[in-house]
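What follows is a short report on a single structure.
Below, chain A is the first sequence line, B the second, and so on; all start at residue 1. Computed over heavy atoms, backbone and side chain alike; hydrogens, waters and symmetry mates excluded.
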Amino acid sequence: MSDLFAEEARAEELRKLLQYHNHRYYVLDDPEIPDVEYDKLLRELQQIEADRPDLRTIDSPTQRVGGAALDAFEQVTHAIPMLSLDNAFDDDEFAAFDQRVKDRLSRSATVRYAAEPKLDGLAISLRYEQGVLVQAATRGDGTTGENVTANVRTIGSIPLRLSGNDYPEVLEVRGEIFMPKAGFDALNERQRAKGEKTFANPRNAAAGSLRQLDSKITATRPLAMYCYGLGEVVGHSMATSQSENMRLLANWGLPTSPELKVCKDSAECAAYFASIGERRDGLAYDIDGVVFKVDQVELQKQLGFVARAPRWAIAQKFPAQEQLTLLEAVEFQVGRTGALTPVARLKPVFVGGVTVSNATLHNMDEIERKDIRVGDTVIVRRAGDVIPEVVSAVLSDRPDDAKPIHMPEQCPVCESQVVRISGEAVARCTGGLFCQAQRKEAIKHFASRKAMDIDGLGDKIVEQLVDEQLIKDPADLFALDVATVAKLERMAEKSASNLISSLDKAKHTTLPRFLFSLGILGIGETMAMNIANTLGSLEAVQKLTLHDLVELKLSQAKAFLKYASALPKELRVPMMQPPMDLKWCSSAHIELLAEQYDSVADLLKQSPEALVNQPTISIEGLGDVLAEKLVMFFRQPHNQDVLNKLIAAGVQWPAIEKVDVSDSELSGLSFVLTGTLSQPRESYKARLLAAGAKVVGSVSKNTNYLVAGESAGSKLSKAESLGVPVLDEAAIEAMLAKSGF
DNA sequence: TTGCCTCGAGATCA
DNA sequence: CTCGAGGCAA
């Protein structure tokens, strides 16, 4: 007999314990015991309840992960209707609200406002009877909503039983259910992995999760809640102010916003609004504004209601970060490398503080995944200073004549064939410099700051020059004269002569810059510098052969001979994929052999040993793929012509002097720069490079130091998590000075 | 800043 | 072969 009592007591004890730890974990975010311990307790309780169903209670923590799925949600009528709020869109509108409030109250009243962020989620009403959660209902139309109790039970931060014992017999609390950003990202990641549809934003994800008929699904969704108000309260008097009431709710174990603040006048309200606005991106959840409520309950009563909204509260909204608009067309832009990028032409909308009329769609995979069509109404997002993007299409608004988007088969600019190499994400125009678009981009690149740095030669000028057929390649720039340039739009005598003189100045450059400016695919700033420093002169670069650079191992040679009959007779396979059985080798290897043997027949006569090649020159970061691109570039007669023209025009650079910095203290160390520094990042980069250090773009465990300026972001947190030492500006200055740079 | 791609090294296996 | 790192391009 006593066993039964012991079980009952233990069950009660476990429920209390679990409730306590739940609160610490979800609400206070400060767990006391590890998850496995919690699970152990939970399983023990589950066991007892399985043996003794009579001990199972409705508020038991085991009841969170729901039972059978529902057919439909039951309707619930709210005892006290759930109201909406008036909106204000700027400080003036808030001031007008403040004035209305004061006008309605007696002059002696001093109004305070309880302020908190307005969460972007969905409103919910929880009903506790004798401290036990008995019902959770959505807002619905404000009068009747849907009974989502089973789903709400699965939300960890919502107590199934209130703590303490001085709570009202009946307590209805209102609040917002939302999905934290991190949880949203993780959920979408999981959905994508499972091949299921992703959610457009955390709000939709929260709403969708809460309306699951099967609460087991809801249980897997990272939902949370903050309470912000009261509904029906029976048998207990609440406090005299909104802020005090929130404190009471928190004491009973209900989650409330940690950002809650009381403002004593409209100036403080404005300051609060501004400060939340600044921290908006850093908050763990999406918000769309701030709610201000007259704090004193007595004054709220005096103010009363108008239509469906209280006179004592207002929601001041941020400019929307998401808007709906029409996708009018999709155009394809051709980049320097020939890559075709789809760009959405949108009916202009005001979003996130600016008017947006086009947005990148990245690539075709992206379009297909989001199933976007021309004519669709789409959601456009622009958060903070982020580039505008098309989030998704509103499928329910899709017109019958919405047109699917296809990659054009011909380049929209030059009509050359467009190819997408299997396995690559982007499709490219094959027109090369025949394509006006690629030609323009090549010249823009040549003129850009990190390349030849031609001052005053902006994108617009280059486009005009090419369109007017005044230049065909970068070398033609140096043949321009003031009179010709001055005829262009927005160009007069003065700016024309400035341009000519900066062209003259740009002739004095460096070999790394020059190599970079040629725009060889895959040869960027760093690689150009590595090549220049290894070889020392343009002549040496021009003379490079695949022989010098590409390794061919004996095992590869054997495979070649085995499959050689599958190769094209002439051994020339420009822009082609190697035959299937040789796909492990790059076309560089085929080219390497083509340098030496005219035909497959010749090749077959050789022994594997004869085909083996050891590279004689090693350039850091340059493998066979890039080696082929480099060698092939200089082998094109057209490129040689341009090169010769450039040299003839007087483009020159000083000989490379090799400074030995291997004894420098910074030599070999790897740095990452982030945040806003008082000098340009480039200048620190140059000094660090001069000192023999490396400057790379992303933090990894091989990074020796992160130099962080003001408002450093993700890199700083990554460095911290990897234990990479972080330097401030003073520290890096000291280090450089110590080494004499 | 982000995603894609190449490079290069270490793991794993024949 | 797989994976982390880092460079390039947008």
Side-chain angles (χ1 to χ4, degrees), chain A residues 185 189 192 281 332-344 358-366 369 382-389 420-429 437-438 440-442 444-446 448-451 459 512 515-531 549-551 553 555-556 558 583-589 615 618-630 669-676 681 685 689 693-704 706 709 711-719 722 724:
Chain A
D185 292 340
E189 190 54 47
R192 203 166 302 152
D281 291 340
F332 287 84
Q333 270 179 3
V334 185
R336 169 165 69 89
T337 60
L340 265 70
T341 322
V343 178
N358 27 34
T360 173
L361 290 165
H362 299 110
N363 56 47
M364 292 309 288
D365 290 347
E366 189 88 355
R369 192 152 50 78
R382 183 186 174 278
D385 42 11
V386 175
I387 302 158
E389 62 166 346
R420 179 170 174 179
I421 296 179
S422 58
E424 274 190 23
V426 294
R428 294 194 145 87
C429 157
Q438 291 187 56
K440 284 176 187 170
E441 294 306 314
K444 285 179 198 170
H445 171 76
F446 180 82
S448 67
R449 208 158 39 79
K450 289 179 176 181
D459 291 4
L515 286 175
F516 174 60
S517 72
L518 298 176
I520 305 164
L521 216 61
I523 309 294
E525 219 190 336
T526 321
M527 211 61 73
M529 193 175 285
N530 289 345
I531 296 167
L549 296 168
V550 177
E551 181 180 13
K553 296 208 255 303
S555 58
Q556 291 173 312
K558 284 179 177 162
K583 65 172 178 246
W584 49 266
C585 79
S586 72
S587 56
H589 291 116
S618 150
I619 299 170
E620 196 191 337
L622 194 105
D624 48 11
V625 174
L626 290 181
E628 192 201 2
K629 289 185 173 147
L630 185 68
L669 295 181
S670 159
F671 289 79
V672 174
L673 306 175
T674 189
T676 319
R681 262 187 232 181
K685 184 175 173 181
L689 290 179
K694 272 194 300 181
V695 177
V696 297
S698 49
V699 180
S700 74
K701 60 176 188 242
N702 300 343
T703 311
N704 296 99
L706 176 77
S711 58
S714 61
K715 286 181 191 166
L716 181 58
S717 32
K718 183 153 186 205
L722 288 172
V724 172

query = A/Phe671 has an atom CZ; how far is it from atom C1' of C/dG6, in whole Å?
reply = 17 Å

query = What's the closest nucleotide to the A/Ser700 side chain, out of C/dG6, C/dA10, B/dC7?
reply = C/dG6

task = I would like to know whether A/Ser670 and A/Thr703 meet side chain to side chain contact (heavy atoms under 4.5 Å, CB included); could you show each step before the answer?
result = CA-CA 5 Å; A/Ser670 159; A/Thr703 311; 4.3 Å; yes

ask   = Just how far, in rounded Å, is P of B/dT6 from NE2 of A/His589?
value = 14 Å

message = Within the 4.5 Å heavy-atom criterion, are A/Leu622 and A/Ile523 side-chain neighbours or not?
response = yes

request  = In whole angstrom, give the distance that lies between atom NE2 of A/His362 and atom P of B/dC4.
outcome  = 10 Å

request  = Could you say whether A/Gly675 or A/Glu620 is positioned toward the 5' end of DNA chain B, judged by the nucleotide with the nearest heavy atom to each?
outcome  = A/Gly675

ask   = Hey, is A/Asp365 close enough to A/Arg420 for a salt bridge, meaning N to O under 4.0 Å?
value = yes

Review item, nucleotides 10-14 of chain B N/O atoms under 3.5 Å of protein N/O:
none

request  = Starting at atom CE of A/Met364, determine the distance to atom P of C/dA10, rounded to an integer number of angstrom.
outcome  = 18 Å

key: Interatomic distance where CD belongs to A/Glu389 and C1' belongs to B/dT1 [whole Å]   = 13 Å

Distance-minimising heavy-atom pair for A/Val699 and A/Lys718 = O-NZ, 3.1 Å

task = Give the nucleotide from the list B/dT6, B/dT1, C/dA5 with an atom nearest to the side chain of A/Lys701.
result = C/dA5

Residue A/Thr526, side-chain atoms from C-beta onward, closest of C/dG7, B/dT1, C/dA9 = C/dG7

request  = Ignoring the backbone of A/Thr337, work out which of C/dA9, C/dG7, C/dG6 is nearest its side chain.
outcome  = C/dA9

task = Give one of base, sugar-phosphate or nothing for A/Lys715, where a contact means two heavy atoms less than 4.0 Å apart.
result = sugar-phosphate

task = Give the rounded distance in Å between these two atoms: CG of A/Leu340 and C1' of C/dA9.
result = 15 Å

Candidates C/dC8, C/dG6, B/dT6 - which lies nearest the side chain of A/Val696 = C/dG6

query = OP1, OP2 of C/dA10 versus side-chain N and O of A/Arg336: anything below 4.0 Å?
reply = no

ask   = Any side-chain heavy atom of A/Phe516 sitting closer than 4.5 Å to one from A/Lys450?
value = yes

ask   = Would you say A/Leu706 and A/Thr674 make side-chain contact, with heavy atoms under 4.5 Å?
value = yes

inquiry  = As a test of reading the structure: which of C/dG6, C/dC8, B/dC7 is closest to the side chain of A/Glu525, going by heavy atoms?
reply    = C/dC8

key: Any donor-acceptor pair under 3.5 Å from A/Gln556 side chain to A/Lys553 backbone   = yes

query = Rounded to whole angstrom units, what separation is found between the NZ atom of A/Lys629 and the C1' atom of C/dG7?
reply = 12 Å

query = Is the shortest heavy-atom distance from the side chain of A/His362 to the side chain of A/Pro342 under 4.5 Å?
reply = no

key: Protein-nucleotide distance (A/Met527, atom CE; B/dC5, atom P), rounded to Å   = 16 Å

request  = Would you kindly compare A/Leu622 and A/Asn363 by the position of their nearest DNA chain B nucleotide and give the one closer to the 5′ end?
outcome  = A/Asn363

